[in-house]
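Inspection log for the structure reproduced underneath, given as structure tokens.
What you are looking at is a predicted structure, and each value in this text was computed from that prediction instead of being measured. Within every chain, numbering begins at 1; the chains are lettered A, B, ... in the order of the sequence lines, protein sequences first and strands thereafter.
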There are 2 protein chains.
Amino acid sequence: MPSDIENKCIKRGLRLTDQRKLIAQVMSESEDHPDVDELHNRVNKIDSKISIATVYRTVKLFEEAGIVAKHDFKGNKARYEQTTEEHHDHLIDINTGEIIEFVNEDIEKLQKQVAEKLGYKLVDHRLELYGSKNKK
Amino acid sequence: MPSDIENKCIKRGLRLTDQRKLIAQVMSESEDHPDVDELHNRVNKIDSKISIATVYRTVKLFEEAGIVAKHDFKGNKARYEQTTEEHHDHLIDINTGEIIEFVNEDIEKLQKQVAEKLGYKLVDHRLELYGSKNKK
DNA sequence: ATAATTGCAAATGCTTTGCTTGTGA
DNA sequence: TCACAAGCAAAGCATTTGCAATTAT
């Protein structure tokens with residue numbers, strides 16, 4: 001069965017190679033935010049011949065097609081996740097590296113307002129919170 | 001007259017070499033957010049013997065001392081600015097690259113609330129708006 | 001058939017580092 | 001004096017790219 005991402009590739013007319021199908025599948029199944037190395041490891045468990053260059057190229061292709069999102073969190077290499085319908089931002093646990101997604105409409109609205117007030121149309125934004133777990 | 005940054009270096013006991021003094025001076029006088037290359041160019045106008053390695057090392061030293069702030073805006077190399085008393089965030093003009101600073105207390109508060117609600121203490125954050133100028 | 005994609009290794013761009021010489025306190 | 005800093009070039013790291021061979025449509 002074609003993965004979620006594979007279907008999007010078809011919809012966008014991307015040529016579907018075995019490598020792309022597999023990367024699409026692995027990304028679709030990933031619940032976290034893997035970097036390219038990690039993605040490469042995961043696909044290599046299934047097909048050990050896929051090169052890291054292909055993973056880089058594919059992930060970039062998917063990103064440009066709006067199928068996956070790239071994140072450059074502080075101090076780390078780029079991480080990827082499947083694009084979701086609903087926008088969200090991230091909180092990064094500075095101790096464990098764990099990434100928690102959150103949605104906050106108020107902040108979204110305020111961002112737009114700030115941009116407007118400065119004479120700009122908000123095209124994109126980046127909001128990342130870095131925190132450490134409260135001990136109870 | 002010692003620059004603003006130079007004074008902070010003294011306060012923190014950093015050894016003051018000619019190179020550091022000059023980089024401190026150039027950073028103090030910069031109203032924008034130069035990257036290391038640009039900084040290197042600027043100091044080289046005054047002392048052409050300063051190496052880029054020294055600029056990298058100094059800027060890192062200043063950052064670790066909390067004297068300057070480093071920003072990795074999307075798609076660009078790292079940029080630096082003198083630390084200010086009041087925290088601010090940035091709006092980046094996606095057409096010109098111009099950087100506008102802004103302060104919004106409401107967003108700050110909401111960020112803290114979001115972190116708390118997720119069980120975290122907010123240690124750091126990153127908020128960047130990317131926009132294009134409204135034509136009137 | 002043929003234009004696009006892959007794998008590989010080499011190249012890139014930014015940043016860091018090892019080592020020797022120079023220098024601030 | 002002498003631990004630390006500078007300059008240089010080499011190394012590092014993530015990412016990109018040229019090219020010949022392979023493959024999807």
Side chain to side chain contact (heavy atoms under 4.5 Å, CB included) between B/Asp72 and A/Asp72: does it pass, once the steps are laid out?
CA-CA 9 Å; B/Asp72 284 287; A/Asp72 284 287; over 6 Å; no
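- Of the candidates D/dA6, C/dT15, D/dT25, D/dT25 carries the atom nearest the A/Arg15 side chain, counting heavy atoms from C-beta on.
- The nucleotide whose nearest atom lies closest to any side-chain atom of A/Ala53 is, among D/dG7, D/dA5, C/dA9, C/dA9.
- For B/Phe73 and B/His90, the ring centers sit closer than 6.0 Å to each other.
- The residues B/Asp37 and B/Lys77 are annotated as salt-bridged, a charged nitrogen and a carboxylate oxygen being separated by less than 4.0 angstrom.
- Of the candidates C/dA25, C/dT5, C/dT15, C/dT15 carries the atom nearest the B/Ala78 side chain, counting heavy atoms from C-beta on.
- Atom pair A/His40:NE2 and C/dT6:P shows a separation of 13 Å (rounding to whole Å applied).
- Between the CD atom of A/Glu63 and the C1' atom of D/dT15 there is a distance of 13 Å, rounded to whole Å.
- Across all strands, B/Leu16 comes closer than 4.0 Å only to sugar-phosphate atoms, never to a base (heavy-atom distances).
- Distance, B/Leu61 CG to D/dA5 P: 7 Å, rounded to whole Å.
- B/Asp72 has its CG atom 11 Å from the C1' atom of C/dT15, to the nearest Å.
- Proximity of a side-chain donor or acceptor of B/Thr58 to a complementary backbone N or O of B/Arg20 within less than 3.5 Å is not detected.
- Rounding to whole angstrom units, CZ of residue B/Arg57 and P of D/dC8 are separated by 11 Å.
- You won't find any donor-acceptor pair under 3.5 Å spanning the side chain of B/Arg20 and the base of C/dG24, going by distance alone.
- Across D/dC8, D/dT16, C/dG24, the shortest atom-to-atom separation from the side chain of B/Asp18 is found for C/dG24.
- Residue A/Lys60 has a polar side-chain atom (N or O) positioned under 4.0 Å from OP1 or OP2 of D/dT16.
- Between C/dT16 and B/Tyr56, no contact under 4.0 Å exists linking OP1 or OP2 to a side-chain N or O.
- The NZ atom of A/Lys109 sits 12.5 Å away from the CG atom of B/Asp106 when rounded to the nearest 0.5 Å.
- Side-chain nitrogen and oxygen atoms of B/Gln19 include at least one within less than 4.0 Å of the OP1 or OP2 phosphate oxygen of D/dG7.
- Between A/Asp37 atom CG and D/dT16 atom P there is a gap of 13 Å when expressed in whole angstrom units.
- Spacing between atom CD1 of A/Ile52 and atom P of C/dA10 amounts to 17 Å, rounded to whole angstrom units.
- Phosphate contact (OP1/OP2 of D/dA6, side-chain N/O of B/Thr17, threshold under 4.0 Å): present.
- The residue A/Ile50 sits close only to the backbone: its heavy atoms come under 4.0 Å of sugar-phosphate atoms, none of a base.
- Across the protein-nucleic acid pair, B/Lys77 atom NZ and C/dT15 atom P stand 7 Å apart, rounded to whole Å.
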